[in-house]
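Remarks on the structure that follows.
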Amino acid sequence: MKNISINIIGASTGSYPAGITPLEISESVKEIPKNVVICKVDDVLTDLNEPLDKDATIQFLDAKSKDGHSVLLHSTAHLMAQAVKRLFPKTKVTIGPYLDNKFYYDFDVETPFSEEDLSSIEKEMHKISKENLEIIHEVKSRKDAISLFKKMKESYKVEIINDLEKSEVLKVYSQGEFTDLCRGPHVPSTGTIKHFKLLSSSAAYWRGDENNQTLQRVYGTSFPSEKDLKKYLTMLEEQKKRDHRKIGKELDLYFHDEEVGPGLPLWTPNGAVIIDELEALAKEKEDASGYKRVRTPHLTKGALYEKSGHLEHYTTSMYPAMDVDGLDYYIKPMNCPHHHKIYANRPKSYRDLPYRLSEYGTCYRYEKSGELFGLMRVRSMQMNDAHIYCTEDQFKEEFIGVCKLYMEYFKIFGIEKYEMRLGLHDPKGLGKKYINNPKLWKKTEEDVRNALKDAGLKFVESVGDAAFYGPKIDVQVWSAIGKEFSLATNQVDFAVPERFNLTYTDGDGSSKTPLCIHRAPLGTHERFIGFLIEHFGGDFPLWLAPKQVSILPVSDKYNAYADQVCSELKKQGVRAEVDNRSEKIGAKIRDAELQKINIMLIVGEKEVDGKVVTVRRRFVKEQETLSLDKFSNGIRKEINERSVTN
RNA sequence: GCCUGCGUAGCUCAGUAGGUAGAGCACUUCCUUGGUAAGGAAGAGGUCACCGGUUCAAUCCCGGUCGUAGGCUCCA
């Protein structure tokens with residue numbers, strides 16, 4: 001028998017008989033850990049039991065590696081499908097991919113899974129894991145594969161095969177009695193999969209299309225060790241604790257009312273404080289960057305949205321027209337057309353550019369009822385909106401200027417992880433989803449890409465995620481505990497300035513069309529504050545906190561002094577209040593803690609006598625007794641600096 | 001919009017195998033004046049989401065509506 005030379009990464013090169021499997025090699029070589037789940041043969045992920053027939057470089061991976069974990073998740077999805085088929089034999093399987101730290105499998109079942117079903121499926125999975133079935137695959141011809149899955153009555157698999165490219169190699173994986181069409185690769189046996197948990201079940205459409213059959217999707221997760229699994233589940237718990245809907249209610253920041261309507265949040269005084277602080281920040285930054293503030297109405301005649309293209313490309317997200325004096329009026333979904341109008345109101349010279357208009361404009365979008373989600377997805381929103389009109393020469397600098405503004409904001413909010421996602425158009429959607437001007441699309445996309453590259457900003461590209469009028473940058477950010485949010489956006493509009501006949505007179509007297517950049521670094525108040533609540537877990541930094549200082553008199557003998565302290569602080573713009581209830585100091589402290597008030601000032605006999613305050617800060621063990629002046633100067637400074645620590 | 005849960009006091013939740021409801025916290029009043037995470041007592045608070053049906057009787061069963069939760073984005 002022929003020998004082949006195998007170079008093992010992390011171990012030595014060896015000679016092996018052709019036909020040996022990576023699994024056999026891993027068992028014979030000491031340096032290879034016993035917990036490998038998959039390998040890369042010449043950089044291609046490959047099953048451990050796939051025989052090797054030629055010289056190769058091979059890398060063994062355990063489930064802690066990124067690829068290894070993905071394979072483990074994918075194999076767990078199959079394990080789950082096998083359990084489902086055992087318990088519910090009439091089930092038809094569809095697809096079961098892995099995601100980040102999760103997997104799912106979609107099933108066509110007669111009755112949706114209940115909680116109890118999930119736990120019995122999980123139980124069965126553990127049983128199959130103990131059976132330690134070998135996971136093997138074979139390559140099938142298209143004809144054989146179709147007849148196999150037809151015989152198994154797995155019609156979705158047949159459909160999948162029929163839709164695959166002719167060149168695709170069809171693999172059929174088996175573990176015990178369970179057989180599935182799958183590209184693989186997989187872990188070598190079901191015994192490899194031990195530490196998993198089913199998370200939830202819900203509905204999903206076949207191929208994500210609402211016209212198709214409703215399937216039951218079961219989500220689950222799987223890890224190489226019980227410890228890793230626990231850690232992940234704890235993280236999910238932590239995310240739940242920080243849910244902005246929960247904390248928003250606890251801290252009385254906003255609410256929804258049935259009589260007002262879904263997706264139409266009402267901001268309470270506490271929440272409105274945060275809004276005011278964000279607007280003050282935006283105004284400060286925008287003033288410094290040469291923006292001019294404008295105000296525009298919420299209602300507009302339909303003709304404007306015909307011109308802008310909204311009626312053609314965006315109607316499904318707009319509230320239907322209302323009849324006013326026999327004309328169609330719409331409530332605005334975006335501020336751009338109004339800003340364009342302001343630009344066009346007076347003739348512009350190249351000297352006026354870049355012309356930057358900003359507005360915390362209130363917009364209304366008709367989001368499908370099932371898509372509404374706390375503050376994250378709403379129907380009424382206030383955007384940190386602005387439009388920059390500039391020449392082609394100015395474009396790069398302006399665009400990068402906006403990106404740099406993002407960074408400034410991220411620093412202020414302590415956002416450490418973020419990613420820019422460049423949304424490009426999909427040529428298939430030209431004329432439908434996107435304005436039909438292929439040349440301009442190409443050019444603008446290239447300009448944006450170059451601007452980002454020249455500025456040294458990292459980004460990923462995503463085809464099909466452009467706005468209807470141009471490419472855009474969406475900024476993903478991660479909260480302090482690693483939950484991902486899509487907050488800000490920065491978009492190029494190459495089409496609309498022309499539609500609005502926006503021009504400027506250039507130095508040579510000719511009339512030219514400016515480019516327009518839409519930007520909203522702080523997104524909407526709704527989503528941004530939703531993010532901030534989860535990012536800070538409700539423990540807002542002092543400058544953002546709805547309640548900054550609570551003054552707690554030890555008994556009501558000291559209420560007058562407390563009032564005096566309070567009004568002094570209020571004079572200095574500090575959000576202070578006195579807890580003058582007839583309660584013990586311990587109870588007052590407890591309540592202030594629960595309300596996550598940043599600073600408590602304890603005042604009793606000692607403080608009244610010395611004209612001082614005793615400062616008790618959240619998260620700070622040591623207390624300080626200070627003169628009121630010293631205290632207020634200190635926190636005034638902290639507030640002005642917008643310090644992120646609290 | 002679609003699928004499946006869920007909807008009881010301001011909040012968190014019990015409860016009723018069909019006979020119109022209960023706790024804790026919060027609130028009001030009184031007592032207490034207490035130095036670092038809950039002092040005590042009393043009181044008030046509900047068309048059991050809404051509309052309809054079955055029934056002698058519905059918060060409970062049935063249907064509809066509204067709201068809400070998990071999804072419907074990652075595609076063998």
Side-chain angles (χ1 to χ4, degrees), chain A residues 70 74 77-78 81 93-100 102-106 109 111-115 117 137 145 149 154 156-164 168-173 180-184 186 199-219 240 243 245-246 249-250 252 255-263 316 366-374 462 464-465 484 486 552-559 581-595 600-607 614-616 618 621 623 625:
Chain A
S70 302
H74 189 186
H78 276 237
V93 298
T94 67
I95 58 165
Y98 62 84
L99 315 169
D100 233 16
K102 281 202 287 189
F103 66 84
Y104 68 82
Y105 209 115
D106 285 348
V109 278
T111 37
F113 295 125
S114 64
E115 287 278 320
D117 291 339
H137 72 267
F149 287 106
E154 292 289 5
Y156 294 91
K157 293 290 175 185
V158 175
E159 192 181 328
I160 288 164
I161 296 169
N162 282 327
D163 285 356
L164 283 175
E168 192 87 28
V169 176
L170 299 181
K171 285 188 191 167
V172 173
Y173 274 81
D180 197 2
L181 175 81
C182 184
R183 188 183 285 142
H186 281 287
L199 300 170
S200 62
S201 79
S202 58
Y205 301 108
W206 170 233
R207 298 198 153 157
D209 185 335
E210 60 190 10
N211 301 311
N212 286 345
Q213 173 74 31
T214 299
L215 306 171
Q216 287 305 307
R217 173 170 297 184
V218 181
Y219 281 94
K240 249 192 201 158
D243 190 314
R245 293 167 300 182
K246 182 172 174 279
K249 197 183 272 178
E250 284 164 2
D252 190 18
F255 66 101
H256 283 96
D257 183 274
E258 273 200 37
E259 283 187 301
V260 174
T316 48
Y366 174 72
E367 303 283 351
K368 288 195 255 173
S369 64
E371 285 173 343
L372 301 174
F373 180 81
S462 171
D465 279 337
E484 185 181 349
S486 180
L552 314 181
V554 172
S555 84
D556 48 13
K557 281 185 222 150
Y558 316 110
N559 282 357
R581 293 172 307 159
S582 180
E583 283 292 350
K584 283 186 168 174
I585 190 70
K588 292 182 184 181
I589 287 170
R590 183 186 141 84
D591 289 340
E593 286 284 349
L594 290 177
Q595 285 183 71
M600 289 166 236
L601 295 184
I602 317 288
V603 295
E605 192 178 358
K606 197 172 76 186
E607 286 77 13
T614 294
V615 184
R616 184 191 205 275
R618 264 169 82 63
K621 289 223 166 69
Q623 292 172 45
T625 300

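Note on naming: letters A, B, ... go to the chains in the order of the sequence lines (proteins, then strands), and numbering restarts at 1 for each one.
Nucleic acid contact class of A:Ile585 (heavy atoms, under 4.0 Å, all strands): sugar-phosphate only. As judged by a 4.0 angstrom heavy-atom cut-off over every strand, A:Glu250 is placed among residues making no nucleic acid contact. Base engagement by A:Gly604 is indicated by at least one non-hydrogen atom pair under 4.0 Å involving a base atom. A:Leu215 comes within contact range of no nucleotide atom at all, as no heavy-atom separation falls under 4.0 Å. Residue-level contact check: A:Leu170 touches the bases, meaning some heavy atom is under 4.0 Å from a base atom. Using a 4.0 Å heavy-atom cutoff across all strands shown, A:Ser114 reaches no nucleic acid atom at all. Among the heavy atoms of the strands, none lies under 4.0 Å from A:Phe113. Residue contacts for A:Arg183: at a heavy-atom cut-off of 4.0 Å it reaches a base atom on one of the strands shown. Base contact: A:Val169 has a heavy atom under 4.0 Å from a base atom. Residue contacts for A:Tyr219: at a heavy-atom cut-off of 4.0 Å it reaches the sugar-phosphate backbone alone, with no base atom in range. Within 4.0 Å (heavy atoms only), A:Glu607 reaches at least one base atom of the nucleic acid. Nucleic acid contact class of A:Lys249 (heavy atoms, under 4.0 Å, all strands): sugar-phosphate only.
B:U55 sits 36 Å from B:G70 when the C1' atoms are compared, rounded to a whole Å.
Where A:Asp100 and A:Ile589 meet RNA chain B, the nucleotide closest to each residue was compared, and A:Ile589 sits on the side nearer the 5' end. Taking the nucleotide of RNA chain B with the nearest heavy atom to each of A:Asp209 and A:Glu371, the more 5' of the two is matched to A:Glu371.
For the atom pair CZ (A:Phe373) and CZ (A:Arg245), the distance works out to 3.5 Å, reported to the nearest 0.5 Å. Once rounded to the nearest 0.5 Å, the distance linking NE2 of A:His137 with CG of A:Leu170 reads 12.0 Å. In this structure, A:Glu607 CD and A:Tyr558 OH are separated by 9.0 Å, a value rounded to the nearest 0.5 Å. Remark: A:Tyr219 OH to A:Tyr104 OH distance equals 6.5 Å, nearest 0.5 Å.
Protein chain A touches strand RNA chain B; the 5'-most and 3'-most nucleotides with an atom under 4.0 angstrom of its non-hydrogen atoms are B:G1 to B:A76.
Contact detail for A:Tyr156 and A:Thr94: the closest heavy-atom pair is CG-CG2, 3.6 Å.
Ion pairing of A:Asp591 with A:Arg581 is present here, as a side-chain N (NZ or NE/NH1/NH2) and a carboxylate O approach within less than 4.0 Å.
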Dot-bracket for RNA chain B, 5' to 3', counting Watson-Crick or G-U wobble pairs under 3.5 Å, with [ ] for crossing pairs and | for inter-strand pairs? (((((((..((((.....[..)))).(((((.......))))).....(((((..]....))))))))))))....
